[in-house]
Amino acid sequence: MTATAEQNRIDTYPTRGGEARVLPREDKVVWGGEADGPLDQAALDHYEATGYLAIDELVTPAELEELRAELERLSADPAVRADERCIVEAKSQEVRSVFEVHKISEVFKRIANDPRVVGRARQLLGSDVYIHQSRVNFKPGFEGKEFMWHSDFETWHAEDGMPGMRAVSISISLTDNYSFNGPLMIMPGSHKEYVSCDGATPEDNYKKSLVMQGAGTPDKATLTEFANRYGIDVLEGKAGGAIMFDSNCMHASNGNVTPFPRSNVFIVFNSVENAAQEPYAAAAPRPEFIGSTDFTPAG
Ligand code: 6CS
Ligand code: FE
């Protein structure tokens with residue numbers, strides 16, 4: 001993008017350039033209709049209102065076993081561990097996440113392009129979709145660290161150049177998510193407001209933010225106001241189930257001091273009509289394995 005084009009670009013969701021403030025969401029939440037995929041109207045209405053959707057038994061027990069085996073294989077593979085796509089826990093040095101699994105693993109590539117997954121994403125986003133990011137999260141027993149409250153979209157806008165809110169994440173649970181082992185928590189309805197954060201994006205921010213996010217985490221006053229207004233839903237669920245949630249949901253997860261790991265595969269689908277451009281609030285784009293510029297439609 002030329003300098004003038006970038007200067008003239010409208011930024012509907014400015015962030016990390018001044019004081020923290022709350023702006024209204026300008027984008028639709030649900031872009032497709034009941035006839036466009038497997039989700040019925042009640043499901044679409046729930047997603048519109050709360051920003052998320054729980055899907056029970058998305059994959060079969062046999063498929064779950066295959067995904068779990070692949071998770072174990074990746075986390076035990078020294079080559080994966082040495083790869084920059086692998087993020088380890090600060091303290092225990094245990095594997096925390098492996099990125100771009102839809103490219104480095106045939107098993108995860110298959111599920112990421114499965115009609116049961118892509119069909120729902122296309123219906124919600126009302127267009128072809130491409131994979132902006134994928135990762136497996138391990139949150140091992142005893143050691144899994146928390147993820148502080150944040151909107152993924154704020155990071156993907158600021159650092160990956162995602163123009164608008166037309167992306168959906170799916171988190172497929174590979175282990176049972178109990179109330180006590182660090183499940184995903186979402187403030188239902190928070191996706192309709194955009195928290196513009198203060199503080200500029202540090203150089204090479206991803207090297208720290210993927211272990212402990214700094215820039216882009218909302219201030220405590222805003223989070224308190226949001227929690228009082230929207231409440232907090234704790235998304236428990238059996239392994240093999242999934243949660244689909246809007247890119248702008250305010251979400252977090254607690255640490256895991258129990259023996260029970262909380263692992264999932266997390267895939268972000270972005271509309272091909274919302275393809276990532278230059279970052280809106282960072283000096284340089286993040287690496288391909290975190291913010292993809294391969295806009296090939298998934299499925
Ligand atoms: O920076 C990112 O892209 C990642 N960070 C978090 C905490 N959630 C979304 C995403 O995977
Ligand atoms: Fe997140």
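Remember, it's 1-based here, ligands and their atoms both numbered in the order they're listed. Throughout, residue positions are numbered sequentially from 1 according to the sequence presented.
When the Fe ion (ligand 2) is compared with the N/O/S atoms of H251, atom NE2 turns out nearest. Nearest N/O/S atom of D152 with respect to the Fe ion (ligand 2) is recorded as OD1. As for H150, its N/O/S atom nearest the Fe ion (ligand 2) is the one called NE2.
Among all protein heavy atoms, the one lying closest to atom 5 (N) of ligand 1 is R135 NH1, 3.8 Å. The nearest protein atom to atom 7 (C) of ligand 1, hydrogens excluded, is given as H150 NE2, 3.2 Å; this is a heavy-atom distance.
Which parts of ligand 1 touch T155 is read off a 4.0 Å heavy-atom cut-off, strictly below it: atoms 1 (O). The contact set between ligand 1 and F266, taken as ligand atoms under 4.0 Å from a residue heavy atom, comprises 11 (O). Atoms of ligand 1 found under 4.0 Å from any heavy atom of F147, numbered from 1 in the order shown, are 7 (C). Which parts of ligand 1 touch Q133 is read off a 4.0 Å heavy-atom cut-off, strictly below it: atoms 2 (C), 3 (O), 10 (C), 11 (O).
Of the listed residues (K109, R135, R85), just one forms a salt bridge (Lys or Arg N to Asp or Glu O under 4.0 Å) with E100, and that residue is R85.
Residue contacts with ligand 1: L210 is included, with a non-hydrogen atom under 4.0 Å away. Look at Y206 and you'll find every heavy atom at least 4.0 Å from all atoms of ligand 1.
Taking the six-membered ring where the residue is Trp, F266 and F245 present tilted rings, their angle falling between 30° and 60°. Aromatic ring orientation, H46 versus Y52: perpendicular (interplanar angle above 60°, classes split at 30° and 60°).
Looking at heavy atoms from C-beta onward, L67 lies in side-chain contact with F108 at the 4.5 angstrom threshold.
Salt-bridge check for E193 with R229: passed, with a basic side-chain N closer than 4.0 Å to an acidic carboxylate O. A salt bridge is defined here as a Lys NZ or Arg NE, NH1 or NH2 lying under 4.0 Å from an Asp or Glu carboxylate O, and R16 with E154 meets this definition. In this structure, R110 does not pair ionically with E63, as no charged nitrogen and carboxylate oxygen lie closer than 4.0 Å.
Atom CD of E34 is surrounded by more than 12 heavy atoms from other residues, nucleotides or ligands within 6.0 Å. Crowding of K192 atom NZ: a count of heavy atoms from other residues, nucleotides or ligands under 6.0 Å exceeding 12.
By heavy-atom distance, the residue among M148, R286, Q213, M162 lying nearest atom 2 (C) of ligand 1 is R286. Between the choices I290, N205, D152, the shortest heavy-atom distance to atom 9 (C) of ligand 1 belongs to D152.
For a threshold of 3.5 Å applied to N or O pairs, the pair formed by S209 and ligand 1 contains no separation below that value.
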